[in-house]
Enquirer: 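The following block contains the structure, expressed as structure tokens.
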Amino acid sequence: MMVLQTKQLAVSYGGIKAVKGIDLEIEQGELVCLIGANGAGKSTTLNALCGTLPVTSGEILYQGEPITNLPSHTLVRRGIALVPEGRGIFGRLTVEENLLMGAYIRNDRGVIKQDMAHIYDIFPRLLERRTQKAGTLSGGEQQMLALGRAMMSRPQLLLLDEPSMGLAPLMVKKIFETIRQIAAQGVTLLLVEQNARLALEVSQRGYVMENGLIALADSAANLLHNPQVQQAYLGH
């Protein structure tokens, strides 16, 4: 089943055409990455998909139904969650309060408790710091929290914006192991990531974005071995 599809999606802000008409498709259970240089339009695309930036033209379909320009709170209820660039955690709330914020659309309290226990299993460090203010966590711990909070909404489609940004290599490894785990649970993922090699290694398919357009689309394995991609993004 097609979970997400964009048809000639275009997004402008501040008078700049950031996304110039792109077609994306993501099947249920796929992990797909969107790679490209800074300013290519990757984060803009994610923000349009989750309703935080208005779409100028084109269409977004989610599970076959149009969702173009629906507000983000409506999309969360429909099963779309975003882990934003910069994490966007609530610094004055505790770790546990942040996780509960992720479940604000739910009222199945018993299952919420189980889901929180599951997040603590994945990230034992969050359990150790559950009563700590989120603003006092390290960057890596905040990224764990942002991922955990998004998972608390029980998303069917998870959008990840630059999860490795600013993290130490060991922490990046842990975050990407978790992304693999989440995908293995059947959650559909769209990953925007500056580290093209890492992104392609965990994904099944990839899109390469340049100047607001899709320049290449292929299986992740083919993109890893594509001389053009190697030269531009993999340091070969």
Enquirer: Verify the distance criterion only: is there a donor paired with an acceptor across the side chains of R87 and Q142 at less than 3.5 Å?
Expert: no
Enquirer: Taking side chain as C-beta onward, heavy atoms only, is I119 less than 4.5 Å from F123?
Expert: yes
Enquirer: I'd like to know if the side chain of T178 and the backbone of K174 have a donor-acceptor N/O pair within less than 3.5 Å.
Expert: yes
Enquirer: Within a strict 4.5 Å, meaning less than it, do heavy atoms of the T188 and L4 side chains meet?
Expert: no
Enquirer: Ignoring hydrogens and angles, tell me if any N or O in the side chain of R205 forms a donor-acceptor pair with the backbone of E25 under 3.5 Å.
Expert: yes
Enquirer: Please name the pair of heavy atoms, one in I214 and one in D23, separated by the smallest distance, quoted to 0.1 Å.
Expert: CG1-O, 4.3 Å
Enquirer: Is any side-chain heavy atom of V192 closer than 4.5 Å to a side-chain heavy atom of T45?
Expert: no
Enquirer: How far does CE of M116 sit from CZ of R149, to the nearest 0.5 angstrom?
Expert: 12.5 Å
Enquirer: Do the non-hydrogen side-chain atoms of H118 and Q114 ever get within less than 4.5 Å of each other?
Expert: no
Enquirer: Would you find more than 12 non-hydrogen atoms of other residues, nucleotides or ligands less than 6.0 Å from N211 atom CG?
Expert: no
Enquirer: With a 4.5 Å cut-off on side-chain heavy atoms, are V111 and R154 touching?
Expert: yes
Enquirer: Is it true that a side-chain atom of T52 and a backbone atom of N47 form a donor plus acceptor pair closer than 3.5 Å?
Expert: yes
Enquirer: So, do Y62 and Q5 sit near enough that their side-chain heavy atoms are less than 4.5 Å apart?
Expert: no
Enquirer: Hydrogens and angles aside, do D161 and S43 bring a side-chain donor and acceptor to less than 3.5 Å of each other?
Expert: yes
Enquirer: Quick one: are K42 and Q194 in side-chain contact, heavy atoms under 4.5 Å?
Expert: yes
Enquirer: Distance alone, cut at 3.5 Å: any donor-acceptor contact between the side chains of E96 and Y120?
Expert: yes
Enquirer: Do you reckon L223 sits in the same ILVMFWY cluster as L189, going by side-chain contacts under 4.5 Å, direct or chained?
Expert: no
Enquirer: Taking R78 as the fixed residue, which of Q156, E65, Q63 is the one that meets the side-chain hydrogen bond (donor to acceptor under 3.5 Å, both in side chains) rule?
Expert: E65
Enquirer: Counting only heavy atoms from other residues, nucleotides and ligands, does the tally under 6.0 Å from OH of Y13 exceed 12?
Expert: no
Enquirer: How close do P54 and V11 get, heavy atom to heavy atom, and via which atoms?
Expert: O-CG1, 3.4 Å
Enquirer: Verify the distance criterion only: is there a donor paired with an acceptor across the side chains of E193 and S164 at less than 3.5 Å?
Expert: yes
Enquirer: Search all heavy atoms of A150 against all heavy atoms of V83 and return the closest pair with its distance.
Expert: CB-CG2, 3.6 Å
Enquirer: Drop me the distance from D115's CG to L99's CG, to the nearest 0.5 angstrom.
Expert: 10.5 Å
Enquirer: In the structure I gave you, are the side-chain heavy atoms of E59 and T6 within less than 4.5 Å of one another anywhere?
Expert: no
Enquirer: Write down the atom of L234, the atom of L224, and the distance for their closest heavy-atom approach.
Expert: CD1-O, 3.6 Å
